[in-house]
Amino acid sequence: MLALLAALLALALAYFALLDGWYLLRVPCAALRARLLQPRVPDLLADSAHAGRVLPADLDLLLHMNNARYLREADVARVAHLTRCGVLGALRALGGRAVLAASCVRYRRSLRLLEPFEVRTRLLGWDDRAFYLEARFVSLRDGFVCALLRSSQHVLGTSPERVVQHLCKRRVEPPELPEDLLLWIGYNKASSQLLRAENDFSDAIKDQ
């Protein structure tokens, strides 16, 4: 029995030392909870809330939630939201998947130790390649939006239009995207073009 306990302890230590253990547990648990225990989000453009609290492990040297934790919490909330509104199920049914292609965070006010907050996630719209989502970090102390995250989920193996059509059982025109989001999408496209040009230039030098 002692040998078994020692082996299990060593396995647990190796799991958390070598892998991002809590993340690998939280994401599937969030999806499972959203699917089995939380109500479905019937409106594709409605938001859903994912509750959280700032824990000691979330803090940086300035004793507020560190920048990387916002991305982590937004990731978990996004998986839960896409599960509840049916997008992940539709992707599976169509043999597709979505990958995070870009994200941008605007930090407005720090979240402090033990401060409760909600990540309110909603789908802003889509185009021929990607879904665009917003995540708001709202302090439950006073309702202030402490951070705002925008993300682009590129769809592989199918298209956003087909996913929405599968969900709604009819063709749906995408909503008009906010002006600031269009500017961000334009920045991402310009950045991609610049990086491709750099890569082509490097390849040309290598070929000389």
Side-chain angles (χ1 to χ4, degrees), residues 19-53 58 65 67-106 117-138 140 145-178 180-182 184-185 188:
L19 301 173
D20 196 350
W22 287 120
Y23 177 78
L24 294 175
L25 287 173
R26 286 188 68 198
V27 170
C29 285
L32 195 62
R33 180 171 176 261
R35 185 176 181 182
L36 300 179
L37 301 177
Q38 294 180 309
R40 181 181 171 85
V41 177
D43 183 351
L44 195 58
L45 300 179
D47 68 352
S48 67
H50 184 83
R53 186 180 292 272
D58 300 329
M65 191 159 88
N67 298 343
R69 286 294 180 182
Y70 288 88
L71 297 171
R72 174 66 54 89
E73 294 302 315
D75 208 23
V76 175
R78 183 169 55 247
V79 169
H81 179 74
L82 293 177
T83 300
R84 291 179 64 186
C85 69
V87 169
L88 288 187
L91 281 167
R92 282 194 298 270
L94 295 170
R97 59 193 177 97
V99 295
L100 182 65
S103 65
C104 177
V105 189
R106 182 173 173 231
F117 63 90
E118 280 184 346
V119 185
R120 297 176 186 169
T121 308
R122 67 185 177 116
L123 180 65
L124 297 174
W126 60 91
D127 57 22
D128 58 336
R129 297 185 62 194
F131 288 110
Y132 299 99
L133 293 101
E134 175 185 272
R136 293 181 174 222
F137 286 76
V138 181
L140 295 183
V145 179
C146 295
L148 179 70
L149 183 145
R150 295 280 173 84
S151 64
S152 168
Q153 294 282 141
H154 275 206
V155 175
L156 305 176
T158 183
S159 69
E161 183 181 8
R162 287 189 63 202
V163 171
V164 175
Q165 189 171 349
H166 181 87
L167 280 171
C168 300
K169 310 304 179 188
R170 60 183 176 87
R171 190 174 184 277
V172 178
E173 289 295 326
E176 185 175 350
L177 298 176
D180 61 333
L181 180 60
L182 291 172
W184 181 62
I185 294 171
N188 287 331

Please tabulate, for the side chains in residues 27-49, all donor-acceptor contacts under 3.5 angstrom to protein atoms that are two or more places apart in sequence or on a different chain.
| from | atom 1 | to | atom 2 | distance (Å) |
| --- | --- | --- | --- | --- |
| D43 | OD1 | L45 | N | 3.0 |
| S48 | OG | H81 | ND1 | 2.7 |

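Looking at D75 and R78, a side-chain N of the basic residue comes within less than 4.0 Å of a carboxylate O on the acidic one, giving a salt bridge. A salt bridge is defined here as a Lys NZ or Arg NE, NH1 or NH2 lying under 4.0 Å from an Asp or Glu carboxylate O, and D20 with R72 meets this definition. The existence of a salt bridge linking R120 and E134 is excluded, since no basic side-chain nitrogen approaches an acidic carboxylate oxygen closer than 4.0 Å.
Summarising the geometry of G96 relative to T158, their closest heavy-atom pair is CA-CG2, 4.0 Å, with the distance given to 0.1 Å. Nearest heavy-atom pair across F137 and A74 is CZ-N, 3.9 Å. Of all heavy-atom pairs spanning L177 and L124, the tightest one is CD2-O, 3.9 Å. Among all heavy-atom pairs drawn from A130 and P160, the shortest one is N-CG, 3.5 Å.
Using a 4.5 Å heavy-atom cutoff, the side chains of S152 and I185 are not in contact. Put simply, the side chain of V155 reaches to within 4.5 Å of the side chain of L91, judged on heavy atoms. Taking the side chain as every heavy atom from C-beta outward, H50 and T121 never approach each other to under 4.5 Å. Side-chain contact check for V105 versus L71: some heavy-atom pair is nearer than 4.5 Å. For the pair F117 and V138, the minimum side-chain heavy-atom distance is 4.5 Å or more.
Between H166 atom NE2 and R162 atom CZ the span is 9.5 Å, to the nearest 0.5 Å. Distance check, rounded to the nearest 0.5 Å: CG of L88 to CG of L82 gives 5.0 Å. In this structure, the separation between CZ on R150 and CG on L181 is 5.5 Å, given to the nearest 0.5 Å. Here the OG-CD distance, from S103 to Q153, works out to 9.5 Å after rounding to the nearest 0.5 Å. From L149, atom CG reaches atom CD of E73 across 12.0 Å, with rounding to the nearest 0.5 Å. Taken to the nearest 0.5 Å, the CH2 atom of W126 stands 11.0 Å off from the OG atom of S159.
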### Task
In sequence, state the C-alpha distance, the side-chain angles, and the governing distance for F131 and V164, and then conclude on side chain to side chain contact (heavy atoms under 4.5 Å, CB included).
CA-CA 10 Å; F131 288 110; V164 175; 3.9 Å; yes

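Ring-plane geometry between Y132 and W184 is classed as perpendicular, the angle between the planes exceeding 60 degrees on a 0 to 90 degree scale with a lower cut at 30.
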